[in-house]
Amino acid sequence: MPPTITAFENSPDRGRGQARDMRVRWALEEIGQPYDVRLVSFDAMKQPAHLALHPFGQIPTYEDGDLALFESGAIVLHIAERHAGLLPKDANARSRAITWMFAALSTLEPPIVELGMAMLLERDRSWYAERLPMLQDRVRVRLGELSRRLGGAEWLDGAFSGADLMMVTVLRRLNASRLLDEYPEIAAYVARGEARPAFRRAFDAQLAVFHAASRS
């Protein structure tokens with residue numbers, strides 16, 4: 001049987017491919033692994049059945065036989081370690097790719113998410129106008145560092161890997177902020193990721209869920 005992942009029944013990102021199941025879908029599409037999707041409502045995410053899979057009541061989860069995983073980074077790493085195509089064969093290159101996966105989630109994503117949440121939830125707060133530039137500058141520091149390291153390279157470290165998959169999905173969370181426009185090398189890098197056929201299949205699958213929910 002194919003693995004099963006969970007995704008939002010009605011995604012708050014309105015099908016823009018930013019919900020974290022996108023990362024798992026993309027990884028599975030890259031390796032050509034069929035998968036099933038179980039859609040969960042916000043209420044169902046807090047019920048015992050889902051909490052047994054994800055103790056923090058979020059998505060995605062991943063079930064394959066008697067294995068159940070949560071956290072998108074852990075799931076993608078699991079997939080990459082067991083299928084060819086998402087991690088280099090060379091041991092050192094493999095370790096570098098895993099390092100970049102952690103960097104995407106631990107170094108880049110936190111300030112990006114904090115900025116996104118402020119833009120979404122704090123616009124009517126008295127402190128918003130003063131706080132926003134500070135949050136933007138925190139992100140700019142990381143983007144500047146990433147831009148200098150990336151330079152004119154096509155991918156982070158040689159061929160495309162799970163590191164690029166994770167980094168591109170993190171960076172796409174900045175689409176609403178327009179900050180990527182200030183970093184042409186990074187914008188082009190994200191565009192290369194979005195142009196991959198596996199990304200398009202994953203994106204279309206996630207968008208189809210939103211369209212189905214909006215028609216119901």
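When reading the values below, keep in mind they use all heavy atoms of this one structure, side chains included, and skip hydrogens, waters and symmetry mates.
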Problem - Verdict with reasoning, R23 to E109, per salt bridge (charged side-chain N to carboxylate O under 4.0 Å, His left out) - result: CA-CA 13 Å; R23 300 165 180 179; E109 189 166 43; 2.4 Å; yes
Exercise for the section: Mind running salt bridge (charged side-chain N to carboxylate O under 4.0 Å, His left out) on E30 and R196 for me, showing each step along the way? Expected result: CA-CA 9 Å; E30 284 284 352; R196 293 181 68 84; 2.8 Å; yes
Exercise for the section: Decide side-chain contact (heavy atoms from CB on, under 4.5 Å) for R16 and N175; before the verdict, give the C-alpha distance in whole Å, the side-chain angles of both, and the deciding distance to 0.1 Å. Expected result: CA-CA 10 Å; R16 296 189 182 95; N175 285 348; over 6 Å; no
Practice task
With side-chain contact (heavy atoms from CB on, under 4.5 Å) as the test, would you mind laying out the steps for L115 and L174 before giving the verdict?
Solution key: CA-CA 9 Å; L115 172 61; L174 288 170; 4.1 Å; yes
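Checked by atom type, the side-chain pair S11/D13 shows a donor-acceptor distance below 3.5 Å.
In this structure, CD1 in I31 is found 6.0 Å from CD1 in I79, a value given to the nearest 0.5 Å. A distance of 8.5 Å separates NE2 of H54 from NZ of K46, quoted to the nearest 0.5 Å. To the nearest 0.5 Å, atoms NE2 (H83) and CG (L28) are separated by 7.5 Å. Atom CG of L171 is separated from atom CG of L179 by 11.0 Å, given to the nearest 0.5 angstrom. Taking CG of L135 as the reference point, atom CE of M117 lies at 12.0 Å (rounded to 0.5 Å).
Closest approach of G73 and L105 over heavy atoms only: CA-CD1, 3.6 Å. Between Y183 and S147, the closest heavy-atom pair is CD2-CB, 4.2 Å. The minimum heavy-atom distance between R38 and T4, with the atom names listed, is NH1-CG2, 3.6 Å. Here the shortest heavy-atom pairing between E194 and F199 reads O-CD2, 3.2 Å. Closest approach of W100 to A163, counting heavy atoms only: CB-CB, 3.5 Å. Closest approach of R131 and E122 over heavy atoms only: NH1-OE1, 2.8 Å.
Counting heavy atoms of neighbouring residues, nucleotides and ligands inside a 6.0 Å radius, atom CZ of R82 exceeds 12 of them. Surrounding CZ of R125 are at most 12 heavy atoms belonging to other residues, nucleotides or ligands under 6.0 Å away. In F42, the CZ atom is crowded: over 12 heavy atoms of neighbouring residues, nucleotides or ligands sit closer than 6.0 Å. Counting heavy-atom neighbours within 6.0 Å of M134 CE, excluding the residue itself, gives a total above 12.
A distance-only check finds no donor-acceptor pair linking the side chain of R173 to the backbone of G116 [under 3.5 Å]. The backbone N or O of M119 sits less than 3.5 Å from a side-chain atom of R123, completing a donor-acceptor pair.
With F203 as the aromatic partner, R200 meets the cation-pi criteria of under 6.0 angstrom to the ring centre and within 45 degrees of the ring axis.
For D66, there are no side chain to side chain donor-acceptor pair (under 3.5 Å) partners two or more places apart in sequence or in a different chain. Residues passing the salt bridge (charged side-chain N to carboxylate O under 4.0 Å, His left out) test with R140, sequence neighbours excluded: D137, E182.
The closest side-chain heavy-atom distance from I112 to R142 is not below 4.5 Å. F70 has its side chain within reach of P55: a pair of non-hydrogen atoms, C-beta onward, lies under 4.5 Å apart. Between I75 and S72 there is no side-chain heavy-atom pair separated by less than 4.5 Å.
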